[in-house]
Number of protein chains: 2
Amino acid sequence: MRTLNERADVIPLIAEVFREFGFEGTSLSRITEKTGLGKGSLYHFFPGGKEEMARAVLAHVDAWFEREIYAPLRDGAPEPSIARMWLGVDDYFRSGRRVCLVGAFALDGTRDRFAAAIADYFIRWIAALRDALLRDGWDAGAAGDAAEEVVLGIQGALVLTRATQDEAVFGRALARFRRRLQQPAAI
Amino acid sequence: MRTLNERADVIPLIAEVFREFGFEGTSLSRITEKTGLGKGSLYHFFPGGKEEMARAVLAHVDAWFEREIYAPLRDGAPEPSIARMWLGVDDYFRSGRRVCLVGAFALDGTRDRFAAAIADYFIRWIAALRDALLRDGWDAGAAGDAAEEVVLGIQGALVLTRATQDEAVFGRALARFRRRLQQPAAI
DNA sequence: GACATCTTGTACCGAAAGGTACAATCTAGT
DNA sequence: ACTAGATTGTACCTTTCGGTACAAGATGTC
């Protein structure tokens, strides 16, 4: 069937628009421009309109992180899956050139509308990383602290990179966090 | 003269609106609602409209940080002025309940319009903190790294606090950073 | 009280917003 | 080839957007 594929294909494009302009700044005209789909098709795929598109995009992002980052952290060997996280994050955010949609939504007035999805994304990330650290021999307090610090730091690095237009900021931040997760004693 | 005072009085109110809804999400009707000023007055004080209001708000935020945080870091004794920074930041951001306007602007499509002001705010913060650390005996590399990490971490803490609606996140993050700036060797 | 200067409310503008209606078209299965 | 369903383009709706025009009202100065 072609229907499902087309809807799925269009979500990443819509995601880019939301990422670039935020929820309020994203207009249907910008979406039709980016996707090449008219309002007819758009409302056919997303009867709930803009809000349903945003929800689909959030779910899509969440699914990517669950598959590529969280699940490996929870189920795989700790050190390789943490190494994989660094690669995945750097790649996904294009070394800081790309912004985190969930983080951007968290900051503006949009938050309340998608509160559950937004909170979930971060809480699960922290929990998964903490889990990997625990299995790597960290004690509970330090693991929780470090996991929270790293996830929060990635968001901060994205803000600062975008603010200064200096990709090096993102690279330096990731390198610092990577080093820190290799020396539990220092925390 | 009453004119200047009134304009100055209204900027913090407008700032709150921008902080809550972002640039795109802030409409003139929301501003008139918050300030009690009609469009006539608003355009009298800010002939450039919404963009001039945003610019005035950014300048106002910048001036606050310059006066309360950056200048003390540059000119005062390092340790007391860093201690003052922690208090000022926690107070200003209301323990994470309040979002950083500059960070929020950096993330959405608004960034390009105010690029210079946004970059400046962060670059000067990092430079001032680095300066204080240098005068506190840190070596150049570690001071630059730590300053960048702290400023970036505060932004991340705001994102995460707002995302999870859990103020404790902000408090924990500030405590971690404070501790880290007291033990240069660990970096 | 007269006068010039601020200050404000009201009415209005064109453009764009999100959304709806629906007929025309395409596609798959038989 | 026929038909039911999925898909799409077009036209249109209401509301709100940022912004303008301008006359009326407030205000301080002399």
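Just so we're on the same page: letters track the sequence lines, and every chain starts at 1. What's counted below: heavy atoms across the whole structure, side chains too, no hydrogens, waters or symmetry copies.
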Within 45° cone of B:F114 ring axis and under 6.0 Å: B:R55 NZ or CZ: no

For A:R178, all residues meeting salt bridge (Lys or Arg N to Asp or Glu O under 4.0 Å), sequence neighbours excluded: none

Nearest-Å distance for atom pair CD1/P, residues A:I31 and C:dG19: 10 Å

Inter-end axis angle, the helix from C:dG1-D:dC30 to C:dT30-D:dA1, with every axis fitted to five base pairs (rounded, 10 degrees): 20°

B:E24/B:K50 salt bridge by N-O under 4.0 Å criterion: no

Length of the line joining A:L37:CG and D:dG9:P, which is rounded to integer Å: 7 Å

Listed partners of B:E167 passing side chain to side chain contact (heavy atoms under 4.5 Å, CB included), at least two apart: B:S95, B:R97

Which atom of B:D136 lies closest to which atom of B:P78, heavy atoms considered: CB-CB, 3.8 Å

Within 45° cone of B:F21 ring axis and under 6.0 Å: B:R30 NZ or CZ: yes

Annotated protein contacts, base or backbone, on nucleotides 16-22 of chain D with a non-hydrogen cut-off under 4.0 Å, one of B, S, - each: -SBBB--

Test salt bridge (Lys or Arg N to Asp or Glu O under 4.0 Å) applied to B:R94 - qualifying residues, sequence neighbours left out: none

Summary of salt bridge (Lys or Arg N to Asp or Glu O under 4.0 Å) pairs that have at least one residue in residues 67-83 of chain A, sequence neighbours excluded: A:E66-A:R74, A:E68-A:R84

